[in-house]
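Since the structure is predicted, the reported quantities are computational estimates derived from the model, not experimental observations. Counting from 1, the numbers follow the sequence of the chain as shown. These values consider heavy atoms only, across backbone and side chains, with no hydrogens, waters or symmetry-generated copies.
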Amino acid sequence: MATDQLLAHNVFFTLKDRSPAAKQKLVAACKKYLSGHPGTVYFAAGTLAEALNRPVNDRDFDVALHIIFVNQAAQDAYQVAPRHLEFVAEGKDNWASVRVFDSVVGQ
């Protein structure tokens, strides 16, 4: 991968406790620990869009995280950053599954 390509890091969390409060707690933790990392071009975190229930919609998640990094090096640094590690330690007990989709989105 070229070093100048944007990298999209999309993470989909399915929770053990699927209550609205638990979902909002995870969104808040995403914002607290995962926003503002060096090399971030775009950050967003939110819950499943309940109103969108078309046959093509994957609805097997509760919270989605979307971060676009300037390149893979920025994403690599994010993975080992103390705030990212705190996020994982704080939340992992309530994660039933975590699916990560990384893709090159710019050149």
Side-chain angles (χ1 to χ4, degrees):
M1 183 168 112
T3 58
D4 61 343
Q5 293 181 309
L6 295 175
L7 185 83
H9 179 63
N10 297 291
V11 184
F12 297 87
F13 299 89
T14 303
L15 303 179
K16 294 175 185 175
D17 172 2
R18 300 183 88 175
S19 69
K23 294 173 189 179
Q24 288 308 315
K25 180 180 177 183
L26 179 54
V27 170
C30 287
K31 291 176 182 178
K32 176 180 178 182
Y33 292 111
L34 306 180
S35 64
H37 283 265
T40 298
V41 175
Y42 177 80
F43 170 89
T47 59
L48 171 73
E50 295 289 343
L52 298 177
N53 194 11
R54 298 178 294 243
V56 297
N57 287 103
D58 182 335
R59 299 179 53 80
D60 190 26
F61 70 96
D62 298 302
V63 172
L65 169 69
H66 311 282
I67 306 175
I68 297 179
F69 293 98
V70 293
N71 55 29
Q72 183 177 340
Q75 199 263 2
D76 290 344
Y78 158 86
Q79 289 297 326
V80 296
R83 287 194 306 132
H84 179 259
L85 299 176
E86 285 180 65
F87 169 79
V88 172
E90 180 181 292
K92 67 182 178 180
D93 288 343
N94 192 35
W95 301 344
S97 72
V98 178
R99 294 180 294 151
V100 178
F101 299 87
D102 291 324
S103 57
V104 175
V105 295
Q107 299 176 24

Any side-chain heavy atom of [X] within less than 4.5 Å of one from [Y]?
{"X": "Leu34", "Y": "Arg83", "answer": "no"}
{"X": "Thr40", "Y": "Tyr78", "answer": "no"}
{"X": "Thr47", "Y": "Phe13", "answer": "no"}
{"X": "Ile67", "Y": "Tyr42", "answer": "no"}
{"X": "Gln5", "Y": "Phe69", "answer": "no"}
{"X": "Leu65", "Y": "Phe43", "answer": "yes"}
{"X": "Val104", "Y": "Gln72", "answer": "no"}

Any donor and acceptor pair, going by atom type alone, linking the side chain of [X] with main-chain N or O of [Y] inside 3.5 Å?
{"X": "Asp62", "Y": "Leu15", "value": "yes"}
{"X": "Arg99", "Y": "Phe61", "value": "no"}
{"X": "Thr14", "Y": "Ala96", "value": "no"}
{"X": "Asn94", "Y": "Asp17", "value": "yes"}

What's the separation between atom [atom1] in [X] and atom [atom2] in [Y], rounded to the nearest 0.5 Å?
{"X": "Leu7", "Y": "Asn71", "atom1": "CG", "atom2": "CG", "result": "8.5 Å"}
{"X": "Leu48", "Y": "Asn53", "atom1": "CG", "atom2": "CG", "result": "8.5 Å"}
{"X": "Leu26", "Y": "Glu90", "atom1": "CG", "atom2": "CD", "result": "9.5 Å"}
{"X": "Lys25", "Y": "Cys30", "atom1": "NZ", "atom2": "SG", "result": "12.5 Å"}

Single-linkage hydrophobic cluster, 4.5 Å side-chain cutoff, Val27 and Val100 together: yes
Transitive ILVMFWY side-chain link Tyr33 to Leu85, under 4.5 Å: no
Residues, nucleotides or ligands: over 12 heavy atoms within 6.0 Å of Lys23 NZ: yes
Heavy-atom pair with the smallest gap, counting every atom of Phe12 and His66: CZ-CE1, 4.0 Å
